[in-house]
Amino acid sequence: MATVLSGTSGALYYKPAGTDSTFKAANVTNADNTIVLGTFLNFKVDDKVSFGTGTGGTLPGGLAAGTPVFIRTYVPATGLATFAATAGGAQLTLSNDGTDGTTPFTIKFSEFQSVGDVREWSFEVTREEIDVTSIGGTLGQNAPFRSFVTGFADGTGSATVYTTDDDTTIASRLIEDILQRQQVGATFKLYTDLILSGSSPDDTTSRSIEFQAVLTSAGYSVNPDDAQSVEIAFRPSAAPTFDFSKS
């Protein structure tokens, strides 16, 4: 017999907006160990990121596809970034600029982070109804019924996030991302049944909904009786992935 789930095992994990970009070998200056990732993105010091080679390309020397490194510095106005092998570590040396393939190199925020200050979240998927009723036909005693087929799907979601005095938390970044102009990279993973393996989610036994998103609004609530909170609204920018199996 199946077990009915409660909300106590739910959780919200997030990748920040503006942390998914591309670049070419011409954007790399190995003499300075710098890469221009793109201007006014949302990379922060010590963000854990991973690189991709693109099709047929070779990453700059010192970087390997799928091997995480950390943002050491990033200047939004110029897009110039340096990296470290460990959080807070020494500047990573780039031995060459790499070679371009038919598609650019990629850089993405590496791992989902738990938004520990979330009180609740909700997510709804809807479908359009398209009226395909045709006129004419044989009239009878009863009124004819209209005919419908389903159309495009859409989704909306919200999360209530408590505000704290620590501006560096992933919860604070989620709240601030409502103003981030370039929201590519914003990704939600909504766990309905979170099972941890050590300190990380075990996705083989957990249940979740994952999707890239756009953040659409933030509503602030302040009163003397409750903790200060922000109501974040979002919608998927691509089809969600539902993983409700335990395998």
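When reading the values below, keep in mind they use all heavy atoms of this one structure, side chains included, and skip hydrogens, waters and symmetry mates. Bear in mind that the values here come from a model prediction, so they are computed numbers and not experimental data.
- In this structure, a donor-acceptor pair under 3.5 Å is present between the side chains of Arg127 and Thr150.
- Residue pairs meeting the salt bridge (Lys or Arg N to Asp or Glu O under 4.0 Å) criterion with at least one partner in residues 232-242, sequence neighbours excluded, are Asp154-Arg235.
- Residues in residues 141-151 take part in these salt bridge (Lys or Arg N to Asp or Glu O under 4.0 Å) pairs, two or more places apart or across chains: Asp131-Arg146.
- Panel note: side chain Thr29, backbone Ala31; no donor-acceptor pair is recorded below 3.5 Å.
- Judged purely by atom type and a 3.5 angstrom limit, Ser172 uses its side chain to pair as donor or acceptor with the backbone of Asp166.
- Panel note: side chain Gln180, backbone Phe40; a donor-acceptor pair is recorded below 3.5 Å.
- Taking 4.5 Å as the limit, some side-chain heavy atom of Ser158 sits within range of a side-chain heavy atom of Glu231.
- In this structure, the side chain of Asp32 does not engage the main chain of Thr34 through any donor-acceptor pair within 3.5 Å.
- When hydrophobic clusters are built by joining Ile, Leu, Val, Met, Phe, Trp and Tyr residues whose side-chain heavy atoms come closer than 4.5 Å, directly or via intermediates, Ile71 is grouped together with Phe105.
- Remark: the Thr241 side chain and the Glu210 side chain contain no N/O donor-acceptor pair separated by less than 3.5 Å.
- Connectivity analysis of hydrophobic side chains (ILVMFWY, heavy atoms under 4.5 Å, direct or indirect) links Val230 to Leu12, Tyr14, Val115, Val118, Trp121, Phe123, Val125, Val161, Ile170, Leu174, Ile175, Ile178, Leu179, Phe188, Leu190, Ile209, Phe211, Leu215, Tyr220, Ile232, Phe234, Phe242, Phe244.
- Leu92 and Leu37 fall within a single hydrophobic cluster, where Ile, Leu, Val, Met, Phe, Trp and Tyr side chains are chained together by heavy-atom contacts under 4.5 Å.
- Arg72 places a side-chain N or O within donor-acceptor distance of the main-chain N or O of Gly89, the cut-off being under 3.5 Å.
- Between the side chains of Thr22 and Thr106, not a single donor N or O lies within less than 3.5 Å of an accepting N or O.
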Worked check of side-chain contact (heavy atoms from CB on, under 4.5 Å) between Leu94 and Ile35: CA-CA 10 Å; Leu94 304 178; Ile35 301 176; 3.9 Å; yes
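- Linking ILVMFWY side-chain heavy atoms closer than 4.5 Å, directly or via other members, places Phe43 and Phe112 in two distinct hydrophobic clusters.
- With 3.5 Å as the limit, one finds a donor-acceptor pair spanning the side chains of Asp203 and Tyr191.
- For the pair Thr53 and Ala65, the tightest heavy-atom approach, listed with the atom from each and the gap, is CG2-CB, 3.9 Å.
- Using modelled atom types, one finds no donor on one side chain facing an acceptor on the other under 3.5 Å when comparing Ser200 with Ser197.
- Proximity of a side-chain donor or acceptor of Asn223 to a complementary backbone N or O of Asp226 within less than 3.5 Å is detected.
- The main-chain N or O of Ser147 is found under 3.5 Å from a side-chain atom of Thr133 such that the two form a donor-acceptor pair.
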